[in-house]
Amino acid sequence: MRIDLHTHSTASDGTDTPAELVRKAAAAGLDVVALTDHDTTRGHAEALAALPEGLTLVTGAELSCRLDGVSMHMLAYLFDPEEPALLAERELVRDDRVPRAQGMIVKLNELGVPVTWEQVSRIAGDGSVGRPHVASALVELGVVPTVGDAFTEQWLADGGRAHLPKHETDPFEAVRLVKAAGGVCVLAHPAAAQRGPTVSESAVAELAAAGLDGIEVDHVDHVDQVGPAEHDPRTRDRLRGLAADLGLLVTGSSDYHGSRKTVALGAFTTHPDVYGEITRRVTGAFPVPGTGGA
Ligand code: AMP
Ligand code: ZN
Ligand code: FE
Ligand code: FE
């Protein structure tokens with residue numbers, strides 16, 4: 001069984017539609033894929049309608065959180081998408097992304113970059129708008145060569161010249177909301193240090209005590225580059241140790257964003273036993289197996 005528990009579609013900042021994403025997931029040989037768009041469940045219906053035979057869809061979302069000024073992401077799986085408190089929180093975060101993107105555009109204009117809201121909203125379509133969409137606009141304008149190159153101090157990195165924060169949920173509140181909505185909660189890429197400051201081990205311990213189910217360990221941003229093409233597992237070993245100490249589940253996933261990032265579907269995967277445990281803990285929604293091209 002090949003299980004990838006973290007992907008993005010055009011419902012947020014991925015480049016494949018939800019239907020394309022599930023087709024590519026099946027073609028990549030995955031048995032289970034989770035659709036975890038930023039702060040939205042909007043892509044689920046389309047993914048379900050297009051689900052290829054033999055592929056199981058885990059409905060989810062990646063919730064934007066912040067603790068003591070540090071941004072962090074919480075993967076929420078198989079919660080009830082209609083549960084009012086969690087729904088309201090997702091809407092709050094998603095709605096705030098619009099004025100925030102517009103504010104970053106003003107900052108870019110002040111820096112001499114002629115990006116417009118029309119351009120960014122065209123790129124974002126009806127997806128939850130984020131920095132990767134602004135970054136794609138910068139690529140279109142020839143300001144930076146790739147989306148990744150826009151995530152620097154000069155442009156859109158946390159605290160960068162054109163960066164603005166958005167409303168983000170307290171992660172303890174996120175855990176409480178997700179559990180109350182019948183879901184399972186996994187802290188995404190807890191050691192993605194190249195994105196900015198990361199959450200402390202003591203905070204992970206407190207989140208575990210508050211009901212956090214697991215941490216994402218096998219992730220492209222946890223592959224340390226010590227030399228040419230060297231894959232040093234130090235970070236992942238440390239996180240595995242932390243998970244063992246705290247009794248947390250260990251997941252692995254691609255965080256696939258289509259062509260907006262280079263990582264492939266299924267580049268990292270979750271052990272079937274962990275997936276089984278996740279589904280055992282769920283009371284909100286259930287994984288949906290493919291029905292054969294409905
Ligand atoms: P936002 O939610 O609008 O603050 O944008 C955050 C998203 O930008 C993350 O979910 C990643 O998909 C992407 N991102 C963050 N840091 C980087 C980076 N260094 N390179 C490429 N993409 C990044
Ligand atoms: Zn993203
Ligand atoms: Fe993330
Ligand atoms: Fe993600």
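One-based numbering along the sequence shown. For ligands, and for the atoms within them, numbers begin at 1 and follow the listed sequence. Values reported hereafter were calculated over all heavy atoms of this structure, with side chains retained and with hydrogens, waters and symmetry mates removed.
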Here the N/O/S atom of His73 closest to the Fe ion (ligand 3) would be ND1

Kindly indicate, with the supporting measurements, whether the criterion salt bridge (charged side-chain N to carboxylate O under 4.0 Å, His left out) is fulfilled by Asp213 and Lys179. CA-CA 10 Å; Asp213 292 285; Lys179 309 297 283 190; 2.7 Å; yes

Self-check item: Metal site the Zn ion (ligand 2): N/O/S of Asp13 inside 2.8 Å
Solution: yes

| request: Look at His38 and state whether any of its N, O or S atoms is less than 2.8 Å from the Zn ion (ligand 2). | output: yes

Could you go through His163 and Glu153, starting from their C-alpha distance and side-chain angles, then the distance that decides it, and tell me whether this counts as side chain to side chain donor-acceptor pair (under 3.5 Å)?
CA-CA 9 Å; His163 173 252; Glu153 287 301 298; over 6 Å; no

**Asked** Below 4.0 angstrom, N of the basic side chain to O of the carboxylate: do Glu89 and Arg94 qualify?
**Response** no

**Item:** Asp221 and Arg195: CA distance, side-chain angles, deciding distance, salt bridge (charged side-chain N to carboxylate O under 4.0 Å, His left out) verdict
**Value:** CA-CA 9 Å; Asp221 288 356; Arg195 298 189 188 191; 2.8 Å; yes

With no hydrogens and no angle check, just 3.5 Å: does a side-chain donor-acceptor pair link Ser259 and Thr15?
yes

* Closer than 2.8 Å to the Fe ion (ligand 3), do we get an N, O or S atom from His189, backbone or side chain? -> yes

NE2 (His8) to the Fe ion (ligand 4) to NE2 (His6), nearest 10°, is 100°

* Just wondering, is there an N, O or S atom on Asp255 that's nearer than 2.8 Å to the Fe ion (ligand 3)? -> no

task = Test Asp39 against Ser64 for side chain to side chain donor-acceptor pair (under 3.5 Å), laying out the working first.
result = CA-CA 7 Å; Asp39 308 305; Ser64 303; 2.8 Å; yes

Of all the N, O or S atoms in Glu62, the one nearest to the Fe ion (ligand 3) is OE2

